[in-house]
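A short write-up of the structure that comes next.
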Amino acid sequence: MDWIALALSLRLAALTVLILMPVGIWIGRWLAFSDFRGKGVVEAALALPLVLPPTVIGYYLLVGFGVASPIGEVWFRLFGRGLVFSFEGLLLASVIVNLPFAIQPMQRAFEAIPRDVREAGAVSGLSPWQVLARIDLPLAWPGIVTGLVLTFAHTLGEFGVVLMVGGSIPGETRTVAIAIYDRVQAFDNAGAGAMSLLLLALSLLALSITYGLSARVGKRHG
Amino acid sequence: MADAALSISLRQSGPIPLDASISSDAGSVMALVGPSGSGKTTILRTVAGLYRPRHGRVVVNGQVWLDTERGIDVPPHLRRVGLVFQNYALFPHMTALANVMTALGHLPAEARRSRALALLDRVNLAGFEGRKPAALSGGQQQRVAVARALARDPDVLLLDEPFSAVDKVTRQRLYVELRELTLSLALPILFVTHDFDEAARVAGRMCLIDQGRVIQTGTPREVLARPASVRAAALVDLKNVFSARVSRADPSRIWLDWAGRSIEAHAPEGFSGIAPGQAVSWAIPATQVLISRTDMTVADETPNRFAAMISDLVHLSESVSVKVRLDGPDRPELSMTLPAHYARRTGLVAGSAVTIALMPDGIHLMMDA
């Protein structure tokens, strides 16, 4: 078992979840409650990571994060190091790749709140922030948790994008998924098997949680 | 209008056409009545701040809530308005008590619970405060919605078809309760419905709305029996509407030529400048068409008697709905409502020959022909 890789994966997944929680709530709520020209294009763009091969996303991120690119250049000026093959670059890639996993369940949960219930909140004297805290979040929380659990599980298992953007630097960008690949390459089937079993268990747990929660959402509004 | 507790004026050509001016006094219930899609709910939503028309002004107790010309649009949570939604829109994750307490943000935290309990008691829901909406019946949910609307301590109370989601028996009880409640409240109440009976039961005044325009305002009795136009008559489902020409008029009475028949009607107040030969429409409520005791061969003082034949007769719970067809080239059909016992006693059936009489004071004239 590569404990350093496991720790790195968990740290990456936790930070991705931490960043995507407010981002997902904000974008999911915005898409659920507003209607504008080009909404379909925005939704399609956010869902791209679901269908594109990870190597394609990885390639574009690699190009986009490079020192020659505007993002990479700004990052280099600010922090004195490159984004590519660094943990920060990996985290940024992870956030982008996980956008649909976080946003879609949250958006569906916000959409399931009847419009007049939210209006009743405003008419009852609740400010927009109070409507968020006392009506939107309590009614949408199963969807929010589902989005975060999916993000966490998906980050642990991401392989292609990590390999393209991060490579396999121990303690910096070598995640569990990469470590499994390395172990197999080195004919260490026992090590690869132990880590694979761990990822399998974590994924099963995550999916069990999300299915349990979506049943809850159905009951609440059904 | 400037002194009314609530005054609304709205104007826009689309997407929902609106052209309405409505004012209401404290303590009075105004019903906004019209077919679905007529814009009555949009008017209510404008008062609550949930809809913003292109041009509009909403003034409540001297406070300007909306004035598009001056760029004033107070957000909904800062307007003191109680709104009972059509499907109640209770917060599904909160108990009845928490639903009501949510609207009590203007009170200090320690006073909210007792005030909410008092409001639930007022709508006869004491003992149900711990239940969530899903565990309440439709009528109980409606009461929670009313309690929550009152909790806001509103300057205006808005009711959007509040009886549409409850069964008929519950509705009858809620009419009585709402009527008692409104009598004790010193604030203007707007009540949206498409049911004229409901409007007459609950409201003191009625505003007939068609395609976003107010086409008549008055007491429910006036609007229902004396529609201002043929369109208004169609909206209030007044059955017997016909065209005629004025043949003669004196200050108190008007005689009409109805396809060769002479009809005598009382001249309505303010109905001046009517000239012989003018085309008008006239209507008579089904309850003002009577069966004459004597037939046409007997001389009778009663005006407006015509020979007719019953073409249809339907027994309802307390009355009989009858259609009669008159003689003459146009063979007009009139609807009339008779007490059930009268129809039984006289043995009327479809096909019976009768003589009908149109009550002159029941005949209502409309200038648009």
Side-chain angles (χ1 to χ4, degrees), chain A residues 25-26 28-30 32-39 105-148 209-210 212-222, chain B residues 15 41 44-51 65 74-95 98-107 112 116 119 132-134 141 144-162 165:
Chain A
I25 289 174
W26 182 72
R29 195 171 175 249
W30 170 60
F33 298 146
S34 58
D35 211 4
F36 55 89
R37 194 191 291 260
K39 182 175 170 181
M106 297 187 194
Q107 184 183 343
R108 299 290 164 268
F110 285 121
E111 281 169 350
I113 304 173
R115 186 177 75 155
D116 57 357
V117 168
R118 307 187 67 246
E119 289 177 342
V123 171
S124 296
L126 301 183
S127 69
W129 282 106
Q130 286 173 317
V131 170
L132 172 69
R134 294 174 65 179
I135 293 169
D136 293 347
L137 294 183
L139 286 175
W141 75 264
I144 294 168
V145 174
T146 297
L148 298 180
I209 293 174
T210 54
L213 287 172
S214 44
R216 236 189 131 100
V217 173
K219 250 182 234 155
R220 189 188 289 273
H221 298 295
Chain B
T41 293
L44 217 61
R45 291 172 60 80
T46 305
V47 176
L50 300 172
Y51 184 83
W65 283 0
V74 179
H77 69 282
L78 298 179
R79 301 185 184 197
R80 292 293 278 264
V81 46
L83 172 53
V84 177
F85 288 80
Q86 185 169 3
N87 293 306
Y88 316 134
L90 297 179
F91 308 128
H93 56 303
M94 298 184 195
T95 61
N99 260 280
V100 179
M101 283 173 71
T102 300
L104 288 168
H106 54 289
L107 294 187
R112 289 175 200 164
L119 282 162
K132 287 192 175 173
Q141 291 184 29
V144 176
V146 171
R148 184 178 67 182
L150 294 178
R152 187 84 176 107
D153 210 357
D155 290 328
V156 53
L157 183 61
L158 309 171
L159 307 164
D160 188 5
E161 307 226 8

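Computation of the quantities below employed the complete heavy-atom set of this structure, encompassing side-chain atoms and omitting hydrogens, waters and symmetry-equivalent molecules. Chain identifiers are assigned alphabetically (A, B, ...) following the order of the sequence lines, protein sequences preceding nucleic acid strands; residue numbering begins at 1 within each chain.
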One should read off an interatomic distance between His93(B) NE2 and Ile135(A) CD1, to the nearest 0.5 angstrom, of 6.0 Å
| said: I'd like to check Arg152(B) versus Val123(A) (side-chain heavy atoms, cut-off strictly below 4.5 Å). Are they in contact? | reply: no
All heavy atoms of Pro92(B) vs all of Val117(A), minimum pair found to be CD-CG1, 4.1 Å
Bottom line for Arg45(B): the part with an atom under 4.5 Å from chain A's heavy atoms is side chain
Under 4.5 Å between any side-chain heavy atoms of His77(B) and Ser124(A), yes or no?
-> no
Of all heavy-atom pairs linking Ala89(B) and Ala120(A), the shortest is O-CB, 3.6 Å
The interface call for Arg118(A) against chain B, heavy-atom contacts under 4.5 Å, is neither
The interface call for Leu78(B) against chain A, heavy-atom contacts under 4.5 Å, is neither
Review point. Do Glu119(A) and Pro76(B) come within less than 4.5 Å of each other through their side chains, counting heavy atoms only?
Key: no
In this structure, CG of Leu126(A) is separated from CZ of Phe91(B) (nearest 0.5 Å) by 6.0 Å
